[in-house]
Number of protein chains: 2
Amino acid sequence: MECNVIFQPSGRRGKIAEGKTLLQASHELGVDIEAPCGAHKVCGKCKVKIETGFFEKFGIDSQMSHLSPVTEEEKKLLQEKEIAENYRLACAAEIHGDVLVFVPEESRKADQVVLETGKDRSFKLDPAVKTYYVEMPAATLEDHRDDLRRLQDALRDQFGLDNLSIDYFVLKELPNIIREGGWKVSASVLYDREIIDVRPGFVRQWYGIGIDVGTTTVAAYLCDLGSGKMLAKDGMMNPQVRYGEDVLSRITYAMMNEDGRRKLHDAIIEGINTLVERMTEKAGIKPTDVLEIVLVFNTAMHHCLLELEPKYMGRAPFAPAISAPFDVKARDLGIHISRAANIHVLPIEAGFVGPDNVSVLIAEEPYKQDEEVRLIIDIGTNGEIDLGNKNKLLSTSCATGPALEGAQIKFGMRAAPGAIEGIKIDPETLECTYKVIGDEKWHGRGSKGGAKGICGSGIIDMVAEVFKAGIIDKTGRINKKLETDRLRFDENGKPEYILVFAEDSAIGKDITVTQGDIRAVQLAKAALYVGAKMLMRHLGVNKVDRVTLAGAFGSYINKESAMVIGMFPDCDLEKVQAVGNAAGDGAQAALLDKGKRIEARDVAASVEFIETAVEPDFQQRFAEAMAFPHSVDKFPSIQHILDKIPDRKKKAV
Amino acid sequence: MECNVIFQPSGRRGKIAEGKTLLQASHELGVDIEAPCGAHKVCGKCKVKIETGFFEKFGIDSQMSHLSPVTEEEKKLLQEKEIAENYRLACAAEIHGDVLVFVPEESRKADQVVLETGKDRSFKLDPAVKTYYVEMPAATLEDHRDDLRRLQDALRDQFGLDNLSIDYFVLKELPNIIREGGWKVSASVLYDREIIDVRPGFVRQWYGIGIDVGTTTVAAYLCDLGSGKMLAKDGMMNPQVRYGEDVLSRITYAMMNEDGRRKLHDAIIEGINTLVERMTEKAGIKPTDVLEIVLVFNTAMHHCLLELEPKYMGRAPFAPAISAPFDVKARDLGIHISRAANIHVLPIEAGFVGPDNVSVLIAEEPYKQDEEVRLIIDIGTNGEIDLGNKNKLLSTSCATGPALEGAQIKFGMRAAPGAIEGIKIDPETLECTYKVIGDEKWHGRGSKGGAKGICGSGIIDMVAEVFKAGIIDKTGRINKKLETDRLRFDENGKPEYILVFAEDSAIGKDITVTQGDIRAVQLAKAALYVGAKMLMRHLGVNKVDRVTLAGAFGSYINKESAMVIGMFPDCDLEKVQAVGNAAGDGAQAALLDKGKRIEARDVAASVEFIETAVEPDFQQRFAEAMAFPHSVDKFPSIQHILDKIPDRKKKAV
């Protein structure tokens, strides 16, 4: 006999043979119901509600009695109230007549996941490490398969996973784990190929971490790979800075010092271990619960972290040891998560732009962009710029310096509590108000805002605002004749503008913007600007249609401020978007969706690298780009803002 | 134009297009010439001699001038004398006319290898780890492939190896190695899949070790994987004996002690590291030059060495953690050879007979035996017995105890210098002569032979000889009324027979055979005998056609002595063969020929295990087998020897 079964809210319906479970029916009708325990009646996830009554519209008469009686397992896994409300487990309830089934939101399979960082990015939830629950027959004298074979057979029979290998360190404890679980275990499998974790009983949680290792800052994201949810994020200064502030000085350190490579490696690995500890503690789990890490970084950090010989990368023809994506065991790198855990390294692009840019690309997906020309700027100590769309993608890198990450700025700091992340200056009064990370309120003179320093987004605001207020001129020079007590002079007679007075700050000192700060930002923004213009020339376009500003800042940078200081060529402000740490988002995406690793491999092979710094007119273009916003190019999109800038020189004269 | 080319001594001949090299000609004509550098003119191995003159028989006129002139490379790689004698490098000499080429023995490709241990076993030389010499174009700004891709491309183009991965620890140093070798390297590849070693320039030597880890003794064989030659062998007591003499006591130790598993593991790994150091030092190489180890052992040693939880193996249903063959990195086991080196573990048989028996089977190959029924006895603390032929193979294991390896014997010792390995006793005079390992001479009374103790083969001789001389009777009891000063009594009044007098020994004490020694050997030989008989019953045969005696003894055991004490059922002595450590030979075979690993996997799956100790009449059969040679069964093959045994009891009365 066949019965009418209808699933809501999808409305999918069909005839189902009597005796099948609701879960089987859902498979036949293409309805996604979450059943992580593989229909073993242990997880209680496949909860559905039976609507009873005569449904004229559907022509069926749905009754609870059309299902097999409530089982013991359901009594254990469902609340009494739920049973009273006609909830059933889809894996337990057998069909014996017409039924109308409602699948609640929480029972629908989440195959999409939205990142909590960056802009709202949504990816498929299809991690490289998946966890499968299996039940095995106990070993007997008649069925004397070895433990691994028994587990392999169960995974093959219950999930179609064939030819699985097992990590040696997992194998060591396998006999104990299997028996502790009473022949029921949850096995985590990497790439559907290798068993890298086995835990007793039904386990739904397993974890991964995406890490963006910048030259100056490290940002890490702990994710639940079962749900795709981000559980914690954390960051720190790259501990390698003690061996050199930029990549060239670190490579030099590695070359000139015995054990230099080892020391650079140890420093960043120790940093990662600290981040892992802090994040797992915050999430209430153990570091050994983490089964995978995805790493992104620039090419030099790639070699320094992996302890690959970096010296040939520092000189022509700049060949790296490896460009391809690869996987290595956590234990071989000294990372203290599960010993069998996988570390996945995204590929280096042709032309040796780092995995961090590949990560930005898989987060932003410009290769899916139809006609518009997109400019993506990833701001960091090494800036990376991409330009193009699905027809052609160019990339370049430029030596931005660490100014926009807070280094080389007198009161610069990492995006952390106490950092000023936003600044406004009144052009009339020259009064400054500011916003500190972790505090919604804007503070001004006489208000204790707890400011300790200024992070990246604040630095961009700071320079844009002093320019807009006429405190600096187009060349970046601070006007020494300002009529405000916010103007002060340092011991060398250099002028500074006071953002926060000592009595209002958390450090007992005036927080100021100095002439040196302005110069550092000018160098950084000019490098980015010229890089973008050179790519435009190579692509043969005069204008970009869309600009994306990425970077490991605490919060999004103010796109208007960024354009006012001339960080990138003119573009309709509506089409400019700040997205936060896109490289970090790409790392998370590659963690949660293994298809992203294929995209990364493909885009790394297809993007065309342009070495912009060797162009003959580079120096001249760079000099022109030092001015605010530029000494030659026009910015029609913000002309109305530029027009309002007071000419204090005239006023002061 | 085509030229006549003839290769001697094979006599292969044919027409070859002008301009081809002699090496290319050899490939076309199916002549194997060794060319390990891949015709790059760096190794000088493909040396051939050109015979000049008019060869009527072949109808050709061979001249040196029929070849291209001697190249610079040949002048470097050949001696002046060789050039004068018309030697050429086959890879360098181009054909421009008829030539008769003689390929000397040393230039012929060795694809067969004869083991130096055991009987003359010959295997294909086809190791799992192979070394390939490649030359790469240097990196330039135009050809900016990364180092790994460059190496992968060279291995693909020059040897057809595709999709090679690389061990992380090899990758780390790759940039330096490649440049040190001037873009010429020798890469060692595991299973044609993974690059596990890269060395600068042309390297012909790479090494592997086969290790048989017995309960009591460990035997190791260092081989040159390029030539198949054994360079060193060594052995030691298994350092785990300090935690228990037999497998059950070790498993119990592991279960009862925290860190017990770790301690057992550490002890044997430390032992292996010592053997590796001793053998590589002897061979003049470094431990890190060793790229693979093949391990064989019984199932309990398998788990104890690999640190797999052993406790469920000690009780029904005796399931091991893993039966399949597997590979693990040397670094993960703590074995100090190359960090990227592979450790290959042979499979456990169905029924949990250990990889050591699988190793015996791939050495002896009874599965290739046509009709004769073969009995293979591997003598060790755990004896393994195999019976059958290619139609059917049965196996069993029996608790022999360590007596035949020298343990539990008063003057027993490991096969090492100073150990008595052979004994003869004159039935008339009751005088004893003996042979000590490392000394060709037989010693007797008044001759200082340097004896320190007795090893396995000596122990079997010793028992056989005291029985043949009537010093013990059929039940094993020592005749207390012997008329010889070699009879003495210990402090408890127990009789002993003096093999070596104190003044002749190297230990200042009489070396004797005690009543206890006889009893220990009786238990061991009875266990082996009953095991063999039970298998015969299962196979339905009354007689075996051929017997092979294997064991990790210093030299071969005396087959006649073994049959006289009743270690195995009657068989024509001509068809009995002692082969030494067949398990060790199998480990070497699997090291030198990866095809043997497939054979191992297949035979492990097909051999049928018989649990003989649970048979209802086991106890009775065991009691019957205690007598010399047996209390019921007849031994027609040695009846003439048994007939000559003097009946000293009667004489003494």
Side-chain angles (χ1 to χ4, degrees), chain A residues 138-152 165-179 261 265 299 303 306-313 316-324 326-329 331-333 339-340 343 345 347-348 350-352 609 611 614, chain B residues 138-152 165-179 261-262 265 299 303 306-313 316-324 326-329 331-333 339-340 343 345 347-348 350-352 609 611:
Chain A
T140 60
L141 279 170
E142 291 68 43
D143 172 9
H144 50 42
R145 284 172 294 171
D146 59 84
D147 291 344
L148 175 61
R149 167 78 9 231
R150 193 174 300 274
L151 175 59
Q152 286 168 327
S165 65
I166 189 167
D167 185 273
Y168 165 63
F169 286 90
V170 178
L171 178 63
K172 278 189 185 186
E173 298 306 325
L174 186 65
N176 288 326
I177 301 285
I178 284 184
R179 285 161 187 83
R261 248 164 88 191
H265 167 83
T299 307
H303 278 48
L306 298 168
E307 211 183 340
L308 308 177
E309 174 59 73
K311 85 176 139 193
Y312 307 103
M313 259 188 352
F318 311 105
I322 182 174
S323 298
F326 77 99
D327 297 282
V328 57
K329 288 286 173 189
R331 61 177 177 267
D332 286 337
L333 281 183
R339 278 207 280 194
I343 309 295
V345 175
I348 293 174
F352 314 140
F609 176 73
E611 179 63 83
V614 299
Chain B
T140 60
L141 279 170
E142 290 67 44
D143 173 9
H144 51 41
R145 285 173 293 170
D146 60 85
D147 292 343
L148 175 62
R149 167 77 10 231
R150 194 172 300 275
L151 175 60
Q152 287 168 327
S165 65
I166 190 166
D167 184 274
Y168 165 61
F169 287 91
V170 179
L171 178 63
K172 278 189 184 185
E173 299 306 325
L174 187 64
N176 288 325
I177 301 285
I178 284 185
R179 286 161 187 83
R261 250 164 84 192
R262 158 68 61 176
H265 168 83
T299 307
H303 278 48
L306 298 168
E307 211 184 339
L308 308 177
E309 174 58 75
K311 86 178 143 195
Y312 308 103
M313 260 188 350
F318 312 103
I322 182 173
S323 298
F326 76 100
D327 297 283
V328 57
K329 288 285 171 190
R331 60 177 178 266
D332 286 338
L333 280 183
R339 277 204 283 194
I343 309 296
V345 176
I348 293 173
F352 314 140
F609 175 73
E611 179 63 84

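By convention in this document, chain letters (A, B, ...) are assigned in the order of the sequence lines, proteins followed by strands, and residues within each chain are numbered from 1.
In terms of non-hydrogen atom pairs under 4.5 Å with chain B, the most contact-rich of Leu141(A), Asp143(A), Leu174(A), Ile166(A) is Leu141(A). Comparing Arg149(B), Arg261(B), His303(B) by heavy-atom pairs within less than 4.5 Å of chain A, the highest count is held by Arg261(B). Chosen from Leu308(A), Asp327(A), Leu151(A), the residue pairing most often with chain B at heavy-atom distances under 4.5 Å is Leu308(A). Chain B forms more heavy-atom pairs under 4.5 Å with one residue of Arg179(A), Glu173(A), Glu307(A) than with any other, namely Arg179(A).
Annotation for Pro175(A) and Ala321(B): closest pair CG-CB, 3.5 Å, computed over non-hydrogen atoms.
With values rounded to the nearest 0.5 angstrom, Tyr168(B) atom OH is found 5.5 Å from Leu306(A) atom CG. Taken to the nearest 0.5 Å, the CD atom of Glu309(A) stands 12.0 Å off from the CD1 atom of Ile178(B). Note that the NE2 atom of His265(B) and the NZ atom of Lys172(A) stand 5.5 Å from one another [nearest 0.5 Å]. The line from OH of Tyr312(B) to CG of Asn176(A) is 4.0 Å long, rounded to the nearest 0.5 Å.
Looking only at side-chain heavy atoms (C-beta outward), Leu171(A) and Ile322(B) come within less than 4.5 Å of each other.
Scored by the salt bridge (Lys or Arg N to Asp or Glu O under 4.0 Å) test, Asp167(A) finds Lys329(A), Arg331(A) as partners (sequence neighbours excluded).
Neither the backbone nor the side chain of Arg150(A) comes within contact range of chain B; no heavy atom of the residue lies under 4.5 Å from a heavy atom of that chain.
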